[in-house]
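Order of listing sets the numbers, starting from 1, for every ligand and every atom in it. In this text the structure is predicted, and so the values were computed from the model without any measurement.
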Amino acid sequence: MAKYIMALDAGTTSNRCILFDKQGHIISMAQKEFTQYFPKPGWVEHDANEIWSTQLGVAVEAMQKAGASAADIAAIGITNQRETVVVWDKKTGEPVYHAIVWQCRRTSAYCDELKRQGLAGMIREKTGLMVDAYFSGTKLKWILDHVEGARTRAERGELLFGTIETWLIWKLTKGAVHVTDYSNASRTMLFDIQTLQWDPDILELLQIPASMLPLPVPSSGVCGMTDPSYLGGAIPIAGAAGDQQAALFGQTCFEAGEAKNTYGTGCFLLMNTGKKPVFSENGLVTTIAWGLDGKVNYALEGSIFVAGAAIQWLRDELKIIDSSADSEYMAQKVKDTNGCYVVPAFTGLGAPYWDQYARGTIVGLTRGVNKCHIIRATLESIACQVHDVLEAMEADSGIQLSALKVDGGASANNFLMQTQADLIDAPVNRPCCVESTAMGAAYLAGLAVRYWKDVDEVRKNWAIDQTFYPQMSMEDRKKKLSGWKKAVKYACGWAKE
Ligand code: G3P
C-alpha cells in the first residue's frame, strides 16, 4: 500500500508541497516563494506559469527528500489561494494575462456600479458573497474587457478560466481535466451555492461565456491522474479545496459550530454551519466549506485581507525586522504601543467593514514612538481584526466560542497568540501541526482513496500543542479595542476619489 498523501499548497506568496503519513505526521516538505507584481497602487498580479513551475518543483523536491517514488503516493490533494483568476488558451496552455490576485482592487469602481444598480441583494442570495473586488467574477470580466482579443477568443471557446486549483489540475493532467471544487467555485461570485451550478443570470450580467468555466466537482473525489512525465508516474488527484476551507477541514472542524482562524497572508476565520447556508447580518460571507460523500457543508467566513502580510511589510518595506520571527521579540521590548495604532488596510478592509477604499494608516504617533511600538501595534492590529470578526460571527451564529483553534505561519508567534486570547477573552488552542491547510487537502484526498477510513479516524490525528489563556483586564481590553475602532475610522474611505 502507498505510504503517503501529497498535499500541494499553492499560497499567495509561496508554493509548498508536504508529504503526510497516516498519523498526519509531516514526512517531508519543500517550499518556494514566487514573484509578486504590483503594477499600480492597489493592483496585485502573479505569473501563472511561475506558479505552475514552482509548484511542480517543490513536489519533486519533497518526494526526493522523502526518498519517495510515485508508487509511494496514494493520492494528491490540492489547496490554494482562492479567488485569484487565471485565463489561458485551451490549445497552447499559455495564460493570456498575469493571474489577477485576490488582493487586487482594480475592479472596485465596477463593483460600486453593480451596487448602485441594486444588484447586491440578488448576488448575495445566490452566491453568499457581498459585491467586492476581492472575488473572482469581476476580475475575470476585467481580463475579457481589457486584454486585446480576449473576449472574442473566449466567445469562440478558445480560452479557459480557472482559480489556482483548476489551473494546477489542468497542468498536472496535461490539459485533460478542467474542473473546480465547490469550495473554490463558491468564491467566484458566479456560482449558486445552493444549486451547485454556475449562475446564468450573473454570467450574463458580467458577460462571461459559460464555455470557459470549469466543471464544479466535490472537494473529495478522484478527478484525474497526473501525467506520468511530471512525478515519475500517474498519481490520482483526489481532493481540492480553497486554503481556508481546507484549513477548517485540517483542524477537524467537521461539526456545525466548530471554528478555526488561520494566520496566513491574510487571516480567515471560518465556522462550520452544517448542511445549510447561514446568511450573515454582520458583514460575513457565506461559503461552501466542502463537498464530501455526496453532501455539502457550509461555513460562515470573516475574511481579513492583511495579517502575515503586515509582518512581511515590516520586514521587506520598512526593514525594521530581519525576519518575521523577530517581530515577537521586538514587540516585547516595549510594554505597550505608546498610544500608537497601525491599521494594515493595504488592500482595503474585508470583514466586517468591507471598505474597498480603506488604506493602511498609523495613528497616535508622538515623539516617543519607536520602531518596537510600531512592530507591537502591527501585531496587535492582527489580533484586533480577528476580534472584530469573531464578534460578528458570534452575533450571526448565536454561538459563543468556548475556544479558538488557530493555525498558519503567524500562529507560531506566541506574543500574537497571547494578545489574541486577551482581546477575544477566550482561550486560543494551537495544535501540534499548524499546517492545517495542507493537512486538510491531504485528508480530503486521502478519504477519497480510502487511505483514511472516515473522518473519525482523521480526527484522532488532531492534538493541542499549547493553549493561551486570556490575562488582560476588562478595562485594558475595552480601552485597546475602542482605540482600535477609532483608528479604523481614519483608515476607511481614504482612497475614494
Ligand atoms: O481568500 C484568499 C486566501 O485564500 C489567501 O490565503 O493563506 O494566502 O493568506 P493565504
**Fill in**
Nearest non-hydrogen protein atom to atom 1 (O) of ligand 1, with distance, is E83 OE1, 2.6 Å
**Message:** Around atom CH2 of W43, are there more than 12 heavy atoms from other residues, nucleotides or ligands closer than 6.0 Å?
**Reply:** yes
**Request:** Could you tell me whether R82 and E301 have a side-chain N and a carboxylate O separated by less than 4.0 Å?
**Result:** yes
**Message:** Below 3.5 Å, N or O to N or O, backbone or side chain included: is there any such pair between F268 and ligand 1?
**Reply:** no
**Message:** Distance under 4.0 Å to a non-hydrogen atom of Q81: what atoms of ligand 1 satisfy this?
**Reply:** 4 (O)
**Message:** So if I count the atoms of ligand 1 from 1 in the order they appear, which ones are less than 4.0 Å from some heavy atom of Y134?
**Reply:** 1 (O), 2 (C)
**Prompt:** So is G242 in contact with ligand 1, going by heavy-atom distances below 4.0 Å?
**Reply:** no
**Item:** The single option from W452, F254, W462 passing ring-ring contact (aromatic ring centres under 6.0 Å, His included) against Y443
**Value:** W452
**Message:** Would you say the ring centers of H178 and W88 fall short of 6.0 Å from each other?
**Reply:** yes
**Prompt:** If you count the atoms of ligand 1 from 1 in the order shown, which ones are under 4.0 Å from a heavy atom of Q244?
**Reply:** 6 (O), 7 (O)
**Request:** Return the option from D243, T265, T262 holding the heavy atom at the smallest distance from atom 5 (C) of ligand 1.
**Result:** D243
**Prompt:** Within 45° of the axis and under 6.0 Å from the centre of the six-membered ring of Y298, does NZ or CZ of K275 qualify?
**Reply:** no
**Item:** W198 side-chain N/O to L203 backbone N/O, donor-acceptor pair under 3.5 Å
**Value:** no
**Item:** Pairing of E255 and R459 as salt bridge, 4.0 angstrom limit
**Value:** yes
**Asked** Do R82 and ligand 1 have an N or O pair less than 3.5 Å apart?
**Response** yes
**Item:** Nearest non-hydrogen protein atom, atom 8 (O) of ligand 1
**Value:** T12 OG1, 2.4 Å
